[in-house]
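A note on names: the letters A, B, ... follow the listed sequences, proteins ahead of strands, and every chain is numbered from 1. The structure displayed is predicted, hence computed values, not measured ones.
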There are 2 protein chains.
Amino acid sequence: MAESERVPVKRKRRRPTSSGVVLSADLIIDAACELIDAQGAQAFTVRKLGAALGADPSAIYRYFRNTEDLLLALADRLIGESMADFVPGGDWAVDLRDLTLRAYRSALRHPQIAVFSTVRVTGRPHEQRAVDTGIGLLLQAGFDDATAVRHYHTLVDTALGHAAVDAGVLRLAPAQRAADEQAWQAEYGNLPADEYPSLHRVREQLLLMGGSAVEPTLDLLIAAIRQEAAERSR
Amino acid sequence: MAESERVPVKRKRRRPTSSGVVLSADLIIDAACELIDAQGAQAFTVRKLGAALGADPSAIYRYFRNTEDLLLALADRLIGESMADFVPGGDWAVDLRDLTLRAYRSALRHPQIAVFSTVRVTGRPHEQRAVDTGIGLLLQAGFDDATAVRHYHTLVDTALGHAAVDAGVLRLAPAQRAADEQAWQAEYGNLPADEYPSLHRVREQLLLMGGSAVEPTLDLLIAAIRQEAAERSR
DNA sequence: ACCTGAACACCGTTCAAGT
DNA sequence: ACCTGAACACCGTTCAAGT
């Protein structure tokens, strides 16, 4: 239904923009990808995208109803790219971890995507393929339908969530990022032992709080799911 | 260091705004909370906050350097509120789950917070208290310092991440939210069995993809951490 | 048929001027 | 000392007018 409301992608006649480019939905998504990769996600605005295309920003609304619609198309493109070279290796748990990490990485390229719940539900081709693959791995592990769906839901939301959190760091300039990583040490490393006994005890380890927690998180989730599969098969 | 750059909270003389209110950092945070609770997180803008206070928006910049600084103070307020009635019950794993869920709920009240990596590192009082408590529970479980920090990092980032993802749904109007939950069924429930075998097989269960995955996720993480603690103590 | 340009209704933030 | 109001540099989106 969302699909039928979209502006048709195929057009009979085209008129070039003032800069000579003939617009299309694909071309707009191409430009959006380039803009994000070159200047970061915060550089992505309709007006800047128009400028990058050499077209008036309002022309974009002929191809996408609004920014959200454009972002959904972009999301599916990113999912497609990150899944392009995925080949299952035979161990469902390893494959599932790989698949989830790919979802994380594609969401990290454009963090706003992770926040759209709707992105999970648009039913665009690359996403459908990825969901089918993920649930397939869980069925292969021996889970019943409901449990397979639940575990898939858990993994994909966790991947998107960590992408949203980690994107905050990525947004910073490198110098500020380094400062931010040490800030844990600076802010928490010198607290009094009587008031904050645990923080005081682990003060040497606080640098670990910098950086992404996505891999440790996935390791724990996959371990728990593997354990559950093993118990189920007994 | 961030602290010393902040505008001092205590002031000698105050002048009321045109509406008669005497501003203070606390009062501004009060108003921000009310605004968010009454009209949702997307209603939170400096200009609207000024209007809610009966003051010119620019007056807010006397108390907070910028929106981010204000959001950090707001975050600490929300953390404090959600931790206010936390009492450890004796089982570290149960307590840790409770603590993490509280972090999730407080971030859910203002989703932008989850995306600030910096929020995790500001070292404000309520946050320090919560971190000390969380790491304390993991030390109590028998983990070494580095592992305790790593597991804490995993839990808190996962809580913030799910809050960011779930906030997308919360943002929708109730009617649209219901439609969104059924969209999984609509978009994925009728795919051909030959092309999407796994999705076709679990099609009756796809409603499970609506709603939050935070509790299933926490259950898996806590199970894995508990298992690791048990193995460690052997 | 499609792009353009003006317009509308917003933002966050700064700073000189007021009191 | 603190608040105000104008101003600056942006946003997303709509729609009549152009070609």
Taking the side chain as C-beta and beyond, is there a heavy-atom pair between F44(B) and L71(B) under 4.5 Å? yes
Whole Å only: how far is the [atom1] atom of [X] from the [atom2] atom of [N]?
{"X": "R62(B)", "N": "dC2(D)", "atom1": "CZ", "atom2": "P", "value": "7 Å"}
{"X": "I60(B)", "N": "dC2(D)", "atom1": "CD1", "atom2": "P", "value": "16 Å"}
{"X": "L53(A)", "N": "dC2(C)", "atom1": "CG", "atom2": "P", "value": "16 Å"}
{"X": "L23(B)", "N": "dA1(D)", "atom1": "CG", "atom2": "P", "value": "17 Å"}

Identify each atom pair where a protein N or O and an N or O of nucleotides 12-14 of chain C are less than 3.5 Å apart, giving names and distance.
residue, atom, partner, partner atom, Å
dG12(C), OP1, V46(B), N, 3.0
dG12(C), OP2, V46(B), N, 3.2
dG12(C), OP2, R47(B), N, 3.3
dG12(C), N7, R47(B), NH1, 2.5
dG12(C), O6, R47(B), NH1, 2.8
dT13(C), OP2, Y61(B), OH, 2.8
dT13(C), OP2, T67(B), N, 3.0
dT13(C), OP2, T67(B), OG1, 2.6
dT13(C), O5', Y61(B), OH, 3.3

Atom pair SG/CD of C33(A) and E81(A) - distance to nearest 0.5 Å: 5.5 Å
Please give the distance between the P atoms of dC10(C) and dA9(D) as a whole number of Å. 22 Å
Could you tell me if Y188(A) and E127(B) have a donor-acceptor pair between their side chains, going purely by distance under 3.5 Å?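 Looking only at side-chain atoms, Y188(A) and E127(B) do form a donor-acceptor pair, the distance falling under 3.5 Å.
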So, D56(B) versus S58(B): side-chain donor-acceptor pair below 3.5 Å or not?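 Yes, S58(B) and D56(B) have a side-chain donor paired with an acceptor closer than 3.5 Å.
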Do side-chain atoms of H110(A) reach the backbone of I36(A) as a donor and acceptor pair under 3.5 angstrom? no
Between H126(A) and D76(A), is there a donor-acceptor pair closer than 3.5 Å when you use the side chain of the first and the backbone of the second?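 Side chain of H126(A) to backbone of D76(A): a pair is present.
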In terms of side-chain geometry, is the basic nitrogen of E215(A) or R150(B) positioned less than 4.0 Å from the acidic oxygen of its partner?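 Answer for the salt bridge query: no.
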Electrostatic pair R105(A):D98(A) at N-O distance under 4.0 angstrom: no
On the nucleotide dA1(C), are OP1 or OP2 found under 4.0 Å from the side-chain N or O atoms that Y63(A) carries? no
Could you spell out the base pairing of DNA chain C as a dot-bracket line? Use Watson-Crick and G-U wobble contacts where both distances are under 3.5 Å, [ ] for crossing pairs, | for partners on a different strand. ||.|||||...|||||.||
